[in-house]
Protein chains: 2
Amino acid sequence: MHLTVSEENYIKAIFHLQEADGTVSTNQLAANIHTKPASVTDMLKKLTSKRLLLYKPYQGVRLSSEGRKLALEIVRKHRLWESFLVDKLQFGWDEVHEVAEELEHISSKKLVDKLDQFLGNPRFDPHGDPIPDSNGVMVSLRQVNLLDLKPLTRAEVCSVGSQSPELLELLKHKQILIGTRLEVQCKFEFDHSLEIQLEARGNITISQQLAQALFVKTI
Amino acid sequence: MHLTVSEENYIKAIFHLQEADGTVSTNQLAANIHTKPASVTDMLKKLTSKRLLLYKPYQGVRLSSEGRKLALEIVRKHRLWESFLVDKLQFGWDEVHEVAEELEHISSKKLVDKLDQFLGNPRFDPHGDPIPDSNGVMVSLRQVNLLDLKPLTRAEVCSVGSQSPELLELLKHKQILIGTRLEVQCKFEFDHSLEIQLEARGNITISQQLAQALFVKTI
DNA sequence: AAAAATATTTAGATTTGTCTAAAAATATTT
DNA sequence: AAATATTTTTAGACAAATCTAAATATTTTT
């Protein structure tokens with residue numbers, strides 16, 4: 001089954017969007033892929049005819065099992081390449097996303113498996129997201145949203161909720177990385193902000209929006 | 001200057017074809033790129049309007065200096081990725097060409113330069129071809145065609161004339177690799193074949209066509 | 001140098017992925 | 001439940017890269 005770059009991008013977007021809801025709407029997809037709803041409808045029909053989607057007009061779409069398998073291959077490639085860029089080529093973890101968006105479409109199965117081996121079969125990428133193995137199996141992180149922690153809980157950041165440049169910029173400014181350790185000092189009901197203590201920088205305040213984007217494991 | 005994959009493939013093909021002649025014909029290009037002459041004409045017009053080619057209808061085409069610069073970037077990427085695949089991922093040197101054909105179109109300049117550094121700034125790829133540096137400069141091999149050697153000359157294979165699957169198959173069968181050492185035993189005027197002695201296998205006969213595809217340095 | 005063969009370009013069609021504008025379906029509000 | 005708003009689909013157009021068939025240039029042969 002050979003897919004174009006466009007087709008792969010739709011499959012990947014549907015995969016990520018259906019994590020939240022079970023089903024994905026045309027408009028959601030259009031916004032995510034930076035295209036128009038009419039274009040999405042065209043592509044949904046095409047991918048459905050290739051048996052990669054379960055799609056009823058007006059009722060939204062989700063991946064078929066075949067589509068899910070392909071999505072996991074793309075996600076695997078994306079995350080392995082990100083790992084390569086950070087671990088081997090010394091890229092910063094906040095500058096690898098765009099390059100990996102290109103590399104994830106290289107088709108050779110052998111390349112991916114050799115790359116995986118070369119990297120030591122990592123289970124998580126530099127953002128803390130799990131990497132599917134060659135069968136599409138990935139461990140799910142036992143991770144908690146930072147917002148859910150009680151005061152005085154110590155935790156370590158292990159993943160972030162998106163790779164948007166805006167979020168990455170903010171994290172850089174606050175000096176928060178994967179692996180950063182912190183302790184929740186107190187929570188403010190008014191705006192749902194958090195005061196947290198960072199090992200390196202002392203106490204800082206974090207907005208509700210930022211806290212929701214941070215996933216941690218307690219330590 | 002952003003180019004599509006198709007455009008890059010035309011630039012690369014013209015670069016390689018004009019090594020031999022100074023100028024490249026529409027039919028040559030069509031054969032090389034596995035397309036029709038009419039399609040080539042269309043693309044020549046397009047790339048000429050982007051100032052990458054020097055092209056007069058019916059008179060053939062060659063790269064402008066801007067086009068040559070882009071070609072060298074593509075060749076650099078191709079050969080660096082081939083080096084990566086062989087040196088780091090343990091691919092055989094005869095199975096990397098196709099994968100590198102995809103990888104060479106990844107656009108990030110930073111990626112290429114970091115990859116170059118990671119590999120230790122190699123000057124030659126696994127086929128023995130020189131790798132342009134980030135300024136497009138490459139050392140030319142002091143290499144001799146095997147056919148030009150006199151009997152009793154010892155030499156080492158350092159590059160092959162093409163990457164066609166047919167040639168690679170033959171080299172595999174004869175157990176000839178980059179780095180293989182040999183001594184020319186005698187030359188036959190009748191069919192211009194050569195008898196050579198390989199360190200590992202003893203004496204074998206090599207056709208004119210094969211000898212012409214092998215470049216060596218004397219040792 | 002004319003005729004024949006070959007190479008190249010032009011003209012018009014096709015496919016893919018996108019778009020805008022309008023129509024149809026669904027969801028929300030009153 | 002009607003009216004309104006939103007979402008989604010359809011219809012038709014467009015740009016990129018290709019194709020076939022026909023026209024035109026160039027080269028080779030006689």
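Side chains are part of it too, since the values below use all heavy atoms of this structure and drop only hydrogens, waters and symmetry mates. Quick note on labels: first sequence line is chain A, next is B, and so on, each numbered from 1.
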Student: For dT18(C), does either OP1 or OP2 sit under 4.0 Å from a side-chain N or O belonging to Y10(A)?
Tutor: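 True: Y10(A) side-chain N/O within range (under 4.0 Å) of dT18(C) OP1/OP2.
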Student: Select one nucleotide: of dT20(D), dT18(C), dT8(D), the one nearest the side-chain heavy atoms of S6(A).
Tutor: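 Within the option list, the nearest is dT18(C).
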Student: For a quick check of understanding: with a heavy-atom distance under 4.0 Å over all strands, which category does P37(A) fall into, base, sugar-phosphate or nothing?
Tutor: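 If one applies the 4.0 Å heavy-atom cut-off, P37(A) turns out to touch a base.
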Student: In whole Å, I'd like the distance from the NZ atom of K50(A) to the C1' atom of dT16(C).
Tutor: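 Those two atoms, NZ and C1', are 11 Å apart.
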Student: Can you check whether T41(A) has a side-chain N or O nearer than 4.0 Å to OP1 or OP2 of dT10(D)?
Tutor: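 Checking dT10(D) against T41(A), no side-chain N or O comes under 4.0 Å of OP1 or OP2.
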Student: Kindly say if N27(A) contacts the phosphate of dT6(D), meaning a side-chain N or O under 4.0 Å from OP1 or OP2.
Tutor: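 Answer is no, no contact under 4.0 Å.
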Student: From C-beta outward on A38(B), which listed nucleotide comes closest to its side chain: dT18(D), dT10(C), dA24(C)?
Tutor: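 Comparing dT18(D), dT10(C), dA24(C) against the side chain of A38(B), the answer is dT10(C).
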Student: I want to verify a distance call: between dT26(C), dT20(D), dA11(D), whose nearest atom is closest to the K36(B) side chain?
Tutor: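 Of the candidates, dT20(D) comes closest.
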Student: Using OP1 and OP2 only, check whether a side-chain N or O of Y55(B) sits under 4.0 Å from dT9(C).
Tutor: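 Result: yes.
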Student: Write down the distance between CD (Q59(B)) and C1' (dT26(D)), rounded to a whole number of angstrom.
Tutor: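 Value for this atom pair: 8 Å.
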Student: Taking the six-membered ring where the residue is Trp, are the ring centres of F84(B) and F84(A) under 6.0 Å apart?
Tutor: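 Yes - the distance between ring centres of F84(B) and F84(A) falls below the 6.0 Å cut-off.
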Student: Distance check: side-chain N/O of T26(B) vs OP1/OP2 of dA7(C), anything under 4.0 Å?
Tutor: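 No, because none of the side-chain N or O atoms of T26(B) sits under 4.0 Å from OP1 or OP2 of dA7(C).
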Student: Output yes when at least one side-chain N/O atom of K45(A) is less than 4.0 Å from OP1 or OP2 of dT10(D), else no.
Tutor: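 It does, given that an N or O in the side chain of K45(A) lies less than 4.0 Å from OP1 or OP2 of dT10(D).
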Student: On the nucleotide dT16(C), are OP1 or OP2 found under 4.0 Å from the side-chain N or O atoms that T4(A) carries?
Tutor: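 So the side-chain polar atoms of T4(A) never come under 4.0 Å of the phosphate oxygens OP1 or OP2 of dT16(C).
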Student: Tell me which nucleotide among dT18(D), dT8(D), dA21(C) gets nearest to the side chain of D42(B).
Tutor: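 For the D42(B) side chain, the nearest candidate turns out to be dT18(D).
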Student: Taking the side chain as C-beta and beyond, is there a heavy-atom pair between E8(A) and H105(A) under 4.5 Å?
Tutor: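 Yes - at least one pair of side-chain heavy atoms lies under 4.5 Å apart.
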Student: Just N and O in the side chain of S25(B): are any of them under 4.0 Å from OP1 or OP2 of dA7(C)?
Tutor: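 For dA7(C), OP1/OP2 do not have a side-chain N/O of S25(B) under 4.0 Å.
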